[in-house]
Amino acid sequence: MSTIENQAPETGTARVKRGMAEQLKGGVIMDVVTPEQAKIAEDAGAVAVMALERVPADIRKDGGVARMSDPDMIEGIIDAVSIPVMAKSRIGHFVEAQVLQSLGVDYIDESEVLTPADEVNHSDKWSFTTPFVCGATNLGEALRRIAEGAAMIRSKGEAGTGNVVEAVRHLRQIKNEIAKLRGFDNHELYAAAKELRAPYELVKEVAELGKLPVVLFSAGGVATPADAALMRQLGAEGVFVGSGIFKSGDPAKRAAAIVKATTFYDDPKIIADASRNLGEAMVGINCDTLPETERYANRGW
Amino acid sequence: MNTPVIGVLALQGDVREHLIALAAADAVARPVRRPEELAEVDGLVLPGGESTTISKLAVLFGVMEPLRARVRAGMPVYGTCAGMIMLADKILDPRSGQETVGGIDMIVRRNAFGRQNESFEAALDVRGIPGDPVEGVFIRAPWVESVGAAAEVLAEHDGHIVAVRQGNALATSFHPELTGDHRVHALFVDMVRANGTAESL
């Protein structure tokens, strides 16, 4: 009995980091830029909010270097809601991540939506108590991020476009590569690891589990309830919605509708009801007219 | 009743992990999102997740009232983390409009152990679980401020109540479903089985 008293509680373990993401499953994580928007998101049933200065659609429009948000603004959002608050650091900018950890955010998104700070290295995410979510366009990229300590993965899609085509592409890519691994024997897994440019142990684990060892969400282009349900039916365990909500005509209504469609993703009647009279959706950008240099999904390596 | 059918409220949260744990503890486990699905189970798990999201969806899709009625009628329920909050008769500082199912005479404080940076693991002695201590995984976890006379405290951590049972309702601040140790789920399956036997007498 006394042995229990002597054991100090342990924070920042892989289990509490990955376990935190497990609690978000089946939910919608919404981008917000003010405490008021955070409250709207919470009231609509968001499981978490992503605090940032500009939604991706505005980052695209404004151009320039996109960085971590102002700590005052992040703290304002933390104070406004009781649900978890996430915030973005630039890829490889581990000092921004240190700042976010000191502010007490619940998850750090090392995000391609911001301008990368390092074109070779991502942050060492094991060295943080705060868990990280990272984007991926394919299985190898997802496993490299997990090897660096990411506790949650989101397929990247193309943020700020309101166009779901890239989100579908990336999620299908990850799921197909996992399915392919399932069919490999032990000999083939070594070559697969080399091909994927990912650690053998992780490749083997995915082959055995038939899924990533961390929670997989979808992001980048979800604008409607049907988009969210589509990503869920394709195998995403939840969705991030960025510009899609607060760049639309009636954010509160659209946010609640996307939450409903995410829970009842396999019930077309409920999705139909959720889709009625939502007002204007965000305008959207056709991804095939987007120049290579403006594709955020290409950032990260 | 040999193999009880136990639902997991599947509006949001770590539903899959509970389904796996229940199946490992010899129950037939199935997700429950609709009133008609609730009517078909012998017991129900309220999973971890966001309590505000789950309670909103439960009200919106007409599950809250039938769930309250069944809990009042004695259906066994087990809530982890957000599920514990849902089973509390009273929440300290609830978000506006946040409703609970109730069932346990206790006052719960949300996120009492802190934000994610304070999330932790600690070994626990849990009454009714013999053998090795239970690995307690606490994630932005609530604690129980106080319990009524009918509620039995099953575990404490650092002077705070983290596991409670009242009749057929069981609640833990921590997440046994994340550990691969299915003894707490086995305890709940036993509760459901005993309730089924009592009902058929």
Side-chain angles (χ1 to χ4, degrees), chain A residues 1 3-29 39 42-48 78 81-86 101-108 128-131 151 211 215 237-238 256 259-260 262-264 266-267 270 274, chain B residues 10-18 31 33-34 47-61 80-82 93-98 110-111 113-125 132-141 155 157-158 174-175 177-180:
Chain A
M1 295 284 151
T3 54
I4 288 181
E5 301 296 323
N6 295 336
Q7 271 174 5
E10 219 184 328
T11 58
T13 62
R15 201 149 60 174
V16 299
K17 288 175 168 179
R18 292 178 180 190
M20 165 79 212
E22 303 286 354
Q23 309 312 313
L24 301 173
K25 285 192 300 191
V28 183
I29 299 166
K39 280 195 195 120
E42 183 176 49
D43 287 343
V47 290
I78 288 176
V81 293
S82 73
I83 56 177
V85 176
M86 303 183 167
Q101 172 165 285
S102 80
L103 294 176
V105 304
D106 295 293
Y107 241 88
I108 298 169
F128 289 79
T129 306
T130 311
K211 64 186 279 299
V215 167
E237 297 180 282
V259 169
K260 285 184 211 170
T262 302
T263 292
F264 287 92
D266 53 355
D267 188 328
I270 291 179
Chain B
L11 297 169
Q12 190 274 315
D14 65 343
V15 176
R16 179 177 172 272
E17 288 62 35
H18 276 291
R33 286 181 298 179
R34 301 174 175 86
E50 263 312 306
S51 61
T52 51
T53 306
I54 296 173
S55 84
K56 254 173 212 125
L57 287 167
V59 171
L60 209 55
F61 288 99
T80 63
C81 197
D93 186 30
R95 297 308 290 181
S96 59
Q98 182 172 3
R110 302 178 58 213
N111 308 136
F113 284 106
R115 304 186 67 82
Q116 175 59 16
N117 284 340
E118 283 83 55
S119 293
F120 64 97
E121 295 187 37
L124 297 169
D125 273 329
D132 291 339
V134 170
E135 300 170 68
V137 179
F138 293 82
I139 297 172
R140 287 171 47 94
H157 173 75
D158 207 13
F174 50 94
H175 296 275
E177 73 278 13
L178 296 179
T179 63

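Convention: sequence-line order gives letters A, B, ...; per-chain numbering from 1.
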For [X], is it the side chain, the backbone, both or neither that has a heavy atom under 4.5 Å from a heavy atom of chain B?
X	value
A:A46	backbone
A:F264	both
A:V105	backbone

Which one wins on heavy-atom pair count under 4.5 Å against chain A: B:Q12, B:R16, B:R110?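 Top option by heavy-atom pairs under 4.5 Å: B:Q12.
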
Looking at B:E121, B:H175, B:R34, B:E50, which has the largest count of heavy-atom pairs under 4.5 Å with chain A? B:E121

For [X], is it the side chain, the backbone, both, or neither that has a heavy atom closer than 4.5 Å to a heavy atom of chain A?
X	answer
B:R115	both
B:L57	side chain
B:T179	both
B:L60	side chain
B:S119	both

Do any N or O atoms from the side chain of [X] and from the backbone of [Y] form a donor-acceptor pair under 3.5 angstrom?
X	Y	result
B:D14	B:G48	yes
B:R33	B:F61	no
B:N111	B:R140	yes

Regarding A:E42 and B:T52, do their side chains bring together a donor and an acceptor under 3.5 Å, going by distance alone?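 Their side chains do not contain a donor-acceptor pair, so the 3.5 Å distance test is not met.
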
Determine the minimum heavy-atom distance between B:P47 and B:V15, stating which atoms define it.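 The answer is CG-CG2, 4.3 Å.
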
Determine the minimum heavy-atom distance between B:S51 and B:A82, stating which atoms define it.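 Looking at all heavy atoms of both residues, the closest pair is N-CB, 3.8 Å.
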
Considering residues at least two apart in sequence or located in another chain, which fulfil the side chain to side chain contact (heavy atoms under 4.5 Å, CB included) criterion with B:N117?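 Once residues adjacent in sequence are excluded, the partners of B:N117 under the side chain to side chain contact (heavy atoms under 4.5 Å, CB included) criterion are A:Q101, A:T129, A:T130.
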
Select, from [options], the one with the greatest count of heavy-atom pairs under 4.5 Å involving chain B.
options	answer
A:G12, A:G104, A:G26	A:G104
A:A44, A:P131, A:G27	A:P131
A:T263, A:V215, A:I270	A:T263
A:G19, A:G238, A:A256, A:P84	A:P84
A:L24, A:T11, A:V81, A:D106	A:D106

What about the rings of B:H157 and B:F138, do their centers lie closer together than 6.0 Å? yes

Under the ring pair (Phe, Tyr, Trp, His ring centres under 6.0 Å) test, residues paired with A:Y107 that sit two or more places apart: none

Gap separating the OG1 atom of B:T80 from the NE2 atom of B:H18, nearest 0.5 angstrom: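 It comes to 3.0 Å.
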
